[in-house]
Amino acid sequence: MWTNWSGCQTSDAAVVAPTSLDQLKAQLSGAQGVLRPVGAGHSFTPLAVEGDQILQLDRFEKPTVIGLESGRARVNANARLHELSAALGKRGQAFRNLGDINVQSLAGAMSTATHGTGLTLPCIAAEMTGAQLLSASGELIEVSAEDLSGVQVSLGLLGILLEIELNTVPAFNLRRRVGVRPLETLLEQMHDNWAAHRCYEFFLLPHSGKGVQISHDVTEAAPGKPPLDLDALGLQVMRLASALRHLHPKMQRGVLALMLKLQGEEDFTGESWRVLSSTRAMRFNEMEYHLPPDTAEGVLREITALTETRHPDVWFPIEVRQTAGDTAWLSPFQHGPRVSVAVHMHGGQDYAGFFRDCEAVFRSAGGRPHWGKLHSLQRRDLEELYPDLGKFDALRARLDPKDRFLSPAMAKVFRP
């Protein structure tokens with residue numbers, strides 16, 4: 001049985017792992033029904049399920065970096081982001097920006113509009129300048145300039161991405177600074193901090209009145225020794241504090257206050273890709289919506305209050321980032337920057353009620369959902385949010401006229 005990283009999506013479909021183009025073409029021509037390509041399984045939405053076969057492409061034999069020129073690279077679409085980062089780094093190049101997890105495949109990250117944070121930095125998909133994909137008919141296609149805006153964020157519905165050409169920048173180091181701040185300070189200063197730092201994000205800690213802010217800025221300083229990664233320990237403490245709340249409400253706030261007092265100010269320098277991303281050992285489920293920037297403060301206040309009053313068992317931090325706009329047809333960041341607010345629940349908790357209540361707040365503020373994170377929107381909802389959805393429909397009809405990549409789950413959104 002195939003399962004995604006968190007365990008919230010499973011499939012009994014046969015998993016096939018072709019290692020060559022010939023094997024992949026044979027699979028396309030010989031298989032019956034719907035095929036769904038998968039990457040690392042770090043999406044929470046049903047992207048891979050309800051199909052007849054799952055195509056696992058992490059064993060596909062192709063060089064990690066296929067070609068490199070100044071400011072641009074052609075790479076294996078199904079290599080992991082950390083593999084690509086290391087390979088590019090050896091050649092003096094780097095991704096312009098990354099998210100806080102780098103175990104996803106590049107194809108999966110781009111296809112779902114995965115993003116990092118930064119007022120002037122777009123999502124990873126916006127860096128795609130070209131691509132090679134295998135269509136449902138077995139034809140190798142070099143994506144044209146006219147179709148690029150449709151392919152950049154495509155959820156595996158147009159074909160199987162094999163190679164991706166993308167913008168790169170000279171390798172660089174980042175200075176990472178981490179500190180605890182009062183919730184009010186974080187909310188009042190967030191837009192100033194996005195303007196002041198190359199990358200900026202913060203995590204609101206429920207029931208504490210505080211949060212943790214993280215900034216990254218380019219530096220010429222040499223990499224130093226990174227501090228101990230205390231994220232996993234911090235989550236365990238927050239989990240314990242939540243359990244203690246059932247003994248006495250004040251115990252949770254007391255434990256959190258002690259934890260935050262012990263959290264020192266971090267300040268270190270490292271290679272960009274090593275500094276931006278970290279390991280996520282504790283399993284969770286996640287919903288993230290991308291909001292017009294002027295609505296973010298009000299939404300965050302409402303979500304914080306909602307968490308602490310109606311859903312007091314929620315203890316995972318609320319993550320807040322900002323991403324620049326782009327032009328991809330299905331990008332949540334199309335035509336303007338968005339502030340992303342992500343809510344999480346531990347993998348062992350029932351998230352349905354909390355996410356439903358949060359989604360109502362996000363939608364009322366004009367939010368667009370992250371394609372790889374849980375949401376309940378259907379076709380009629382997305383038609384209002386994505387003015388170029390019809391263009392994507394036409395491109396999909398041309399590249400996959402027999403719906404070989406359209407599972408029942410995807411049909412609820414992408415069948416007109």
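Just so it is clear, the model here is predicted, and its values are computed rather than measured. The analysis underlying the following values was restricted to heavy atoms, covering all of them including side chains, and did not include hydrogens, waters or symmetry mates.
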Contact check, side chains of [X] and [Y], non-hydrogen atoms, under 4.5 Å:
{"X": "Leu24", "Y": "Val16", "result": "no"}
{"X": "Ser340", "Y": "His370", "result": "no"}
{"X": "Pro312", "Y": "Arg245", "result": "yes"}
{"X": "Trp2", "Y": "Gln56", "result": "yes"}
{"X": "Asp231", "Y": "Met282", "result": "no"}
{"X": "Thr45", "Y": "Trp371", "result": "no"}
{"X": "Leu140", "Y": "Leu21", "result": "yes"}

Quick one: closest heavy-atom pair of [X] and [Y], and the distance?
{"X": "His216", "Y": "Val275", "result": "CD2-CG1, 3.3 Å"}
{"X": "Gly325", "Y": "Pro122", "result": "O-CB, 4.2 Å"}
{"X": "Asn76", "Y": "Phe60", "result": "ND2-O, 4.1 Å"}
{"X": "Arg80", "Y": "Gly39", "result": "NH2-O, 3.8 Å"}
{"X": "Ala365", "Y": "Leu291", "result": "CB-CD2, 4.3 Å"}
{"X": "Gly211", "Y": "Leu186", "result": "CA-CD1, 3.5 Å"}

(request) Could you check Thr304, Val180, Leu260, Ile318 and say which one makes a side chain to side chain contact (heavy atoms under 4.5 Å, CB included) with Leu205? (result)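 The residue from Thr304, Val180, Leu260, Ile318 that satisfies side chain to side chain contact (heavy atoms under 4.5 Å, CB included) with Leu205 turns out to be Leu260.
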
(message) I need the single residue from Arg363, Arg368, Lys373, Arg338 that forms a side chain to side chain contact (heavy atoms under 4.5 Å, CB included) with Tyr289. Which is it?
(response)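 Among the candidates, only Arg363 passes.
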
(message) Please determine whether the number of non-hydrogen atoms from other residues, nucleotides or ligands lying under 6.0 Å from atom CZ of Arg379 exceeds 12.
(response) yes

(request) Inspect the surroundings of CD in Glu271 and state if more than 12 heavy atoms from other residues, nucleotides or ligands are less than 6.0 Å away. (result) yes

(request) Decide if the gap between the ring center of Trp329 and the ring center of Phe414 is smaller than 6.0 angstrom. (result) no

Does the side chain of [X] pick up a donor-acceptor pair with the side chain of [Y] at under 3.5 Å?
{"X": "Asp313", "Y": "Gln349", "answer": "no"}
{"X": "Asp294", "Y": "His191", "answer": "no"}
{"X": "Thr269", "Y": "Asn173", "answer": "no"}
{"X": "Thr114", "Y": "Gln104", "answer": "no"}

(message) Nearest 0.5 Å, please: how far is CD in Glu308 from CZ in Arg253?
(response) 5.5 Å

(message) I need the Lys391 NZ to Glu146 CD distance, nearest 0.5 Å.
(response) 11.5 Å

(message) One pair to check against side-chain contact (heavy atoms from CB on, under 4.5 Å): Arg96 and Ile124. What are the steps and the verdict?
(response) CA-CA 8 Å; Arg96 190 187 313 275; Ile124 297 174; over 6 Å; no

(request) For the residue pair His197 and Tyr200, categorise the inter-ring angle as parallel (less than 30°), tilted (30 to 60°) or perpendicular (more than 60°). (result)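 Because their plane-to-plane angle is under 30°, the rings of His197 and Tyr200 count as parallel.
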
(request) Just say parallel, tilted or perpendicular for the rings of Phe316 and Phe284, cut-offs at 30° and 60°. (result)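 Rings of Phe316 and Phe284: tilted, 30 to 60°.
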
Looking at [X] and [Y], would you say the former's side chain and the latter's main chain have a donor-acceptor pair under 3.5 Å?
{"X": "Arg91", "Y": "Ala87", "answer": "yes"}
{"X": "Ser11", "Y": "Glu50", "answer": "no"}
{"X": "Ser331", "Y": "Phe333", "answer": "yes"}
{"X": "Asp147", "Y": "Val143", "answer": "no"}
{"X": "Asp381", "Y": "Gln378", "answer": "yes"}
{"X": "Thr117", "Y": "Gln322", "answer": "yes"}
{"X": "Thr19", "Y": "Arg59", "answer": "no"}
{"X": "Asp400", "Y": "Ala136", "answer": "no"}
{"X": "Arg321", "Y": "His115", "answer": "yes"}
{"X": "Gln152", "Y": "Met128", "answer": "yes"}

(message) Salt bridge check, Arg301 against Glu184: does any charged N sit closer than 4.0 Å to a carboxylate O?
(response) yes

Which donor-acceptor pairs under 3.5 Å do the side chains of residues 155-171 make with protein atoms, sequence neighbours left out?
{"from": "Glu163", "atom 1": "OE1", "to": "Arg74", "atom 2": "NE", "distance (Å)": "2.7"}
{"from": "Glu163", "atom 1": "OE1", "to": "Arg74", "atom 2": "NH2", "distance (Å)": "3.2"}
{"from": "Glu163", "atom 1": "OE2", "to": "Lys62", "atom 2": "NZ", "distance (Å)": "2.9"}
{"from": "Glu165", "atom 1": "OE1", "to": "Thr129", "atom 2": "OG1", "distance (Å)": "2.9"}
{"from": "Asn167", "atom 1": "ND2", "to": "Glu127", "atom 2": "OE1", "distance (Å)": "3.2"}
{"from": "Thr168", "atom 1": "OG1", "to": "Arg72", "atom 2": "N", "distance (Å)": "3.4"}
{"from": "Thr168", "atom 1": "OG1", "to": "Gln93", "atom 2": "OE1", "distance (Å)": "2.8"}

(message) Test side-chain contact (heavy atoms from CB on, under 4.5 Å) on Phe405 and Met410; report intermediate values, then the result.
(response) CA-CA 9 Å; Phe405 300 118; Met410 294 292 97; over 6 Å; no

(message) Checking Leu47 against Asn4 for the side-chain contact (heavy atoms from CB on, under 4.5 Å) test, could you report, in this order, the C-alpha distance in whole Å, the side-chain angles of both residues, the deciding distance, and whether it holds?
(response) CA-CA 10 Å; Leu47 294 175; Asn4 72 333; over 6 Å; no

(request) Mind running side-chain contact (heavy atoms from CB on, under 4.5 Å) on Thr64 and Leu84 for me, showing each step along the way? (result) CA-CA 6 Å; Thr64 304; Leu84 288 162; 3.5 Å; yes

